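Order of listing sets the numbers, starting from 1, for every ligand and every atom in it. Treat the numbers as computed from the prediction; the structure is a model and nothing was measured. Starting from 1, each residue takes its place in the sequence as its number.
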Amino acid sequence: MSLIKQLFDLSGKTALITGGSRGLGKDMARALAEAGAKIILNGQNPETLATAAAEFSAAGYEVMTLPFDVRNEASVVAAFATLDEQNIAVDILVNNAGIQHRQPMVELSSADWQKVLDTNLTSAFLVGREAAKRMIQRGQGGKIVNIGSLTSDLARATVAPYTAAKGGIKLLTKSMAAEWAKFNIQANAIGPGYMLTEMTQSLADDPTFDGWVKGRTPAERWGLPADLMGTVIFLSSAASAYVNGQILYVDGGMSSVL
Ligand code: GCO
């Protein structure tokens with residue numbers, strides 16, 4: 001195998017993708033599978049998880065499901081204990097699980113605020129901590145890819161909890177790099193732009209919002225899940241062995257222009 005192919009080859013690696021049964025998580029899991037990784041799909045809905053796993057198996061990928069609640073510490077700890085019992089080591093963690101809640105802050109309940117922060121930010125700490133403990137103990141390094149957003153750096157009205165959480169993802173990623181890079185664990189983030197997914201379909205269906213995205217984006221189009229494939233493989237592979245604490249925006253240029 002050529003040096004270049006070796007750099008991006010994930011054969012023999014196992015990747016856990018939280019929120020991996022649908023949306024961008026499922027597409028990124030498919031990319032990692034295409035690069036040779038064994039896939040562990042996490043999700044909360046058993047049916048959606050089973051459907052995604054069946055698709056992956058039908059495509060010839062090695063896949064297993066691991067249903068657990070990323071917001072709940074006991075559930076996360078128990079999930080990793082299950083992997084320990086099966087001698088399954090996570091080499092690559094993609095902290096993708098996330099929800100959106102669009103509402104003006106003055107109308108926002110603390111419960112809804114907390115639910116977004118728990119799902120989109122605290123989950124990355126809980127799952128990242130359990131994965132890193134084992135990566136450090138195993139002594140073979142590892143990869144953590146946190147999924148941020150344009151809102152890791154820029155705010156849009158009515159999505160405050162999502163923005164606060166994704167801003168936290170950017171600096172949590174740097175904290176992970178600060179503490180874990182010496183163990184050959186590279187922690188980085190991806191900041192997807194406006195991607196066409198279930199979560200943004202309602203925005204894309206709104207002609208005004210659709211026009212705003214296309215006008216505000218130098219590439220003049222919405223992102224597609226396939227636009228993330230190369231980036232997630234890069235940050236999950238040996239090709240990024242000296243990349244730490246970075247957030248890589250895949251946004252058609254939106255975050256680079258006024
Ligand atoms: C919104 C969207 C955004 C995008 C994405 C941008 O309501 O503005 O949901 O949050 O989903 O996160 O990077």
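Listed by number with element, the atoms of ligand 1 under 4.0 angstrom from any heavy atom of Ser149 are 5 (C), 6 (C), 12 (O), 13 (O). Ligand 1 places these atoms under 4.0 Å from at least one heavy atom of Val159: 7 (O). In the vicinity of Arg156, heavy-atom distances shorter than 4.0 Å reach the ligand 1 atoms 1 (C), 7 (O), 8 (O). In the vicinity of Tyr162, heavy-atom distances shorter than 4.0 Å reach the ligand 1 atoms 10 (O), 12 (O). Atoms of ligand 1 lying under 4.0 Å from at least one heavy atom of Pro192, given by number and element, are 6 (C), 13 (O).
Tyr242 and Gln186 share no side-chain donor-acceptor pair at under 3.5 Å. Asn72 and Ser75 share no side-chain donor-acceptor pair at under 3.5 Å. Between Thr18 and Asn96, the side chains place no donor N or O within less than 3.5 Å of an acceptor N or O (distance only, hydrogens not considered).
Between Thr200 and ligand 1, not a single N/O pair is under 3.5 Å apart. Not one N or O of Thr151 is nearer than 3.5 Å to an N or O of ligand 1, by distance alone. Remark: ligand 1 and Leu150 share an N or O pair separated by less than 3.5 Å (distance only, no angle test).
Ranking protein heavy atoms by distance to atom 10 (O) of ligand 1, first place goes to Gln100 NE2, 3.1 Å. Scanning the protein heavy atoms around atom 7 (O) of ligand 1, the nearest turns out to be Arg102 NE, 2.6 Å.
The part of Met199 lying near ligand 1 is the side chain, judged by heavy-atom distances below 4.0 Å. Of the heavy atoms in Met195, none comes closer than 4.0 Å to ligand 1.
Heavy-atom proximity to atom 4 (C) of ligand 1, evaluated over Tyr249, Tyr194, Phe209, is greatest for Tyr194.
Within the structure, the closest approach of Leu203 to ligand 1 falls below 4.0 Å when heavy atoms are considered.
The aromatic ring centroids of Trp212 and Phe209 lie less than 6.0 Å from each other. The distance between the ring centers of Trp113 and Tyr162 does not fall below 6.0 angstrom.
For the pair Gln114/Pro161, no side-chain contact is recorded, criterion being any heavy-atom separation below 4.5 Å from C-beta on. In this structure, Val250 and Pro192 have side chains that are not in contact, with every pair of non-hydrogen atoms separated by 4.5 Å or more. With contacts defined as side-chain heavy-atom distances shorter than 4.5 Å, the pair Gln103/Asp112 qualifies.
Asp153 and Lys170 are joined by a salt bridge, as a carboxylate oxygen and a charged side-chain nitrogen come within less than 4.0 angstrom of each other.
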